[in-house]
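Please read the structure below before turning to the comments.
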Amino acid sequence: MKKQVIILLLAITVTAAGALSGCGTAENSDGKAPAQTSENQKNTADENTLTVMGRVKNITDDTITLTVSNPGGSGGPAGSMEKPPSLSENRADHPPAISGNDAGQPPAMPDNDTNQPLASSGNDADQPPAMPDNDTGQPPASSGNGASQPPAASGNGAGQPPAMPDSSMTAGHGGEDRDITVTEDTAYTSERNQKSKKISLSDLSQGDMIAVVLDEDQETAVSIAVQPDQPGQGNGGSEAADSADISLTGAKTIDGEKATSSDESFSSAEDDENTILVENYGKLQLAGASLSKSGDTSSEDYSNFYGQNAVLAVTSGSSAELTNVVITSSGEGSNAIFATGKNASVLVDTAKIQTKGNSARGLDATYGGTITASNVDISTEGAHCAALATDRGEGTIDVTSASLSTQGEGSPCIYSTGKITVRDSSGTASGAQTLVVEGKNSVDLTSCKLKGSGDNGLMLYQSTSGDAQTGTAVLSATDSRLTTTSKGPMIYVTNTDAQITLTNTRLKFPGATLITAAGNETNNWGIPGQNGGNLTLTGIQQKLNGNVSCDAISTVSLTLSEDSVFTGAIDPEHTGKTTSIQLDDSSVWNVTEDSYVSFLGNTRKDCSNINSNGCTIYYDSSHPDSKWLNKESIPLPGDGQLVPL
């Protein structure tokens, strides 16, 4: 039976299967709950079972690491937390059709958005911290309010976890660690939104608050239930699962109705308010419109995950079709077009978008929302404002014929924690990477020209923010040109598995390093010593130049086919855990320094397609895939040789 370990964060709580009349649960000296004394008080769990509450911090294959915080944090039995207000609350008085402001006149757009002050904001949940100005390719220390430290919910008790019922659980001690073993028999449910449904282990995410019923061994999980956390609670950002968990407001709201508008202007200057909100299966058709937004968000999490303070927000089950629109925003957290929740969709044909506040992206989709756009011109000027972005919940963005420009720190052309597809487009990021893929998500480019200026060109990684599930980060680029002005690595991979496929795509960068796959110690991206990067790169009709750098906890595998050419060295410092290269008959390796590979595959058994330039390639003769070399030294063209270690 396959076993896996889940390590939990926050309060550990204990429940007895029964309790003495008039008394709360107690804990024996051995840590087990006392046996029940009344048969009619018997729970469904075994009398020696234990229930623990905690927050999933980091999932890596079979192991998740935990740091237990002080008792008294978010917790409670499944379904015990209050449900956030409905999106549809107090919407009955909104007319379905859009007709300007309530007086019957469209509100005027601000004369000059540049006059709006921009409040400073720290690092954003959808952007990695800026990397230091060096050539090592190592990520820097997190700055500002990083992805792993979202702002706490403010205000009244709505932002605080409810107290745990005295009769069901007692808090554990802060600072404890606990390993929970799960098996094929472990049952998984989600209790979010006061609705219980069956899920699987793969549905658990970093940051989830879960209740675990343990077997009598107090180590093996009988069941795991994901709890209905509210946005803004806990570490690593919001844990709520759907945009319906928070209430949005709009200066103009389409609530469960169909509405059309032609050549009108709409604006909002209120904090936390959308200019237009489409909700509760509403449908909007908007043509020739001008939309503007000022006023700031009170919560970066709410803006990043749910579209609070966005210019146009479309929620679960609702849709909007935009044609020939102009959208401007100057507020903090004022994303231009935001789709959030299952079956939320936005279709855009011809749009000019400009945002100037921090955390204000062009197109943003979360929690399964979808945006499909063509002929869009997007520019952002604030920090943490990718032109195209998905955030928590794996949204989808599909764009054709776009012009993208970002000027702020931590604002790449594309940031994916979902699925982003871009065709026939160009973009420039003057303060960040060309593009970023986080966790089990993807970017697919065809005929694109993108340029960045961060400390690396293309970054594939996994943070501990909970925004992206653990898995393989995927990047595919065909007939494209990807450029960076950074002297660091063109490709940087850390704390994730990554798969890159490049087909006839030009990589342009001034540094000497093509790839760095390595662990990190400065950003809380995984556990130092266990957070290496594992990259598989496939080149098809591809030219690759530069060295491959790999540390002792990382792996790099290159596969070249269809007239591909690699000019560079592989692991010249001999530090990599595993490195390899495979060449088909038509592909060539021009070696520039002595290189070390775990194995080399080549359809040309004489290796005549390797130009050694006097360098030596060392291979691991004990590796199973090196058997074909028979532990022999093979002379290579250019007076070098292939030598067994």
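As the structure is a prediction and not an experimental result, all values here were calculated from the model.
Within the 3.5 Å criterion, the main-chain N or O of Trp525 finds a donor-acceptor partner in the side chain of Asn531. The main-chain N or O of Ala387 is never found under 3.5 Å from a side-chain atom of Arg361 such that the two would form a donor-acceptor pair. Remark: the backbone N or O of Gly532 is not paired with any side-chain donor or acceptor of Ser554 at under 3.5 angstrom. A donor-acceptor pair is defined here as one N or O able to donate and one able to accept, closer than 3.5 Å; no such pair exists between the side chain of Thr340 and the backbone of Ala365. With Thr390 contributing its side chain and Gly395 its backbone, the two residues share no donor-acceptor pair below 3.5 Å. Of the possible donor and acceptor atoms, one in the side chain of Ser411 sits under 3.5 Å from a partner among the backbone N and O of His384. Checked by atom type and distance alone, the side chain of Asp584 pairs as donor or acceptor with a backbone atom of Glu562 at under 3.5 Å. Checked by atom type and distance alone, the side chain of Ser425 never pairs as donor or acceptor with a backbone atom of Thr400 at under 3.5 Å. Panel note: side chain Ser303, backbone Glu300; no donor-acceptor pair is recorded below 3.5 Å. In this structure a side-chain-to-backbone donor-acceptor pair under 3.5 Å is present from Ser595 to Ile570.
Side-chain atoms of Thr501 and Leu537, non-hydrogen and from C-beta on, never get closer than 4.5 Å to each other. Residues Leu445 and Thr478 are not in side-chain contact: their nearest non-hydrogen atoms beyond the backbone lie 4.5 Å or more apart. Looking at Leu642 and Leu629, their side chains come closer than 4.5 Å, going by heavy atoms from C-beta outward. Between Trp589 and Thr567 the shortest side-chain heavy-atom distance does not fall below 4.5 Å. A heavy-atom distance below 4.5 Å is not found between the side chains of Asp594 and Ile617. The side-chain heavy atoms of Thr538 and Ile500, taken from C-beta on, include no pair separated by under 4.5 Å. Between Leu645 and His574 there is a side-chain heavy-atom pair separated by less than 4.5 Å. Looking at Ser626 and Ser621, their side chains never come closer than 4.5 Å, going by heavy atoms from C-beta outward.
When the shell of 6.0 Å around CD of Glu573 is examined, it contains 12 or fewer heavy atoms from other residues, nucleotides or ligands. Environment of NZ in Lys605: crowded, with over 12 heavy atoms of neighbouring residues, nucleotides or ligands closer than 6.0 Å.
When all heavy atoms are compared, the tightest approach of Glu438 to Asn441 is O-ND2, 2.7 Å. Closest heavy-atom contact between Ala517 and Gly533: CB-O, 3.8 Å. Residues Gly431 and Ser453 share a closest heavy-atom pair of N-OG, 3.3 Å. When every heavy atom of Pro489 is checked against every heavy atom of Asp455, the shortest pair comes out as CD-O, 4.1 Å. Closest of all the heavy-atom pairs between Val436 and Pro412 is CG2-CG, 4.2 Å. The two residues Cys607 and Leu600 have their closest heavy-atom pair at SG-CD2, 4.4 Å.
Taken from CD1 in Ile515 to SG in Cys550, the straight-line distance is 9.5 Å, to the nearest 0.5 Å. Between Gln462 atom CD and Lys440 atom NZ the span is 10.5 Å, to the nearest 0.5 Å. Atoms CG and CG, on Leu363 and Leu404 in that order, are 8.5 Å from each other to the nearest 0.5 Å. Rounding to the nearest 0.5 Å gives a distance of 5.0 Å between CD1 of Ile491 and CG of Leu514. Annotation: the span from Leu560 atom CG to Asn602 atom CG amounts to 10.0 Å, rounded to 0.5 Å. Summarising the geometry, atom OG belonging to Ser587 is positioned 10.0 Å from atom CG belonging to Leu544; distances are rounded to the nearest 0.5 Å.
Aromatic pair Tyr306/Tyr367: centroids less than 6.0 angstrom apart.
With hydrogens and angles left out, the side-chain atoms of Asn304 and Asp391 include no donor and acceptor closer than 3.5 Å. Side-chain contact, Gln541 with Ser564: no donor N or O sits under 3.5 Å from an acceptor N or O. Between Thr575 and Asp551, the side chains place no donor N or O within less than 3.5 Å of an acceptor N or O (distance only, hydrogens not considered). Counted by atom type alone, Asp620 and Ser598 present zero donor-acceptor pairs between their side chains at under 3.5 Å.
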| task | Could you give me the CA-CA distance, side-chain angles and deciding distance for Arg481 and Leu507, then say whether side-chain contact (heavy atoms from CB on, under 4.5 Å) is met? | result | CA-CA 6 Å; Arg481 179 171 178 171; Leu507 304 180; over 6 Å; no
| message | Between Asn520 and Thr494, does the side-chain hydrogen bond (donor to acceptor under 3.5 Å, both in side chains) criterion hold? Intermediate values first, please. | response | CA-CA 7 Å; Asn520 69 88; Thr494 187; 2.9 Å; yes
| message | Between Leu460 and Leu475, does the side-chain contact (heavy atoms from CB on, under 4.5 Å) criterion hold? Intermediate values first, please. | response | CA-CA 8 Å; Leu460 294 84; Leu475 169 62; 4.3 Å; yes
| Going through the checks in order, is the side-chain hydrogen bond (donor to acceptor under 3.5 Å, both in side chains) test met by Thr503 and Gln542? | CA-CA 6 Å; Thr503 304; Gln542 183 65 40; over 6 Å; no
| message | Let's go through Leu458 and Leu482 carefully: what are the C-alpha distance in whole Å and the side-chain angles of both, what is the deciding distance for side-chain contact (heavy atoms from CB on, under 4.5 Å) to 0.1 Å, and is it a yes or a no? | response | CA-CA 9 Å; Leu458 314 174; Leu482 305 177; 3.9 Å; yes
| task | Go through the steps to decide whether Val588 and Asn611 satisfy the test side-chain contact (heavy atoms from CB on, under 4.5 Å), and finish with yes or no. | result | CA-CA 8 Å; Val588 173; Asn611 299 319; 3.7 Å; yes
| Please walk me through it: do Ser557 and Thr536 pass side-chain hydrogen bond (donor to acceptor under 3.5 Å, both in side chains)? | CA-CA 5 Å; Ser557 174; Thr536 299; 4.9 Å; no
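Just one residue in the list Ile397, Thr372, Thr370, Ile337 forms a side chain to side chain contact (heavy atoms under 4.5 Å, CB included) with Val346, and that residue is Ile337. For the side chain to side chain donor-acceptor pair (under 3.5 Å) with Thr555, the lone residue among Asp497, Thr578, Asn534 that qualifies is Asn534.
Between Asp398 and Arg423, at least one side-chain N (NZ, or NE/NH1/NH2) sits under 4.0 Å from a carboxylate O, which counts as a salt bridge.
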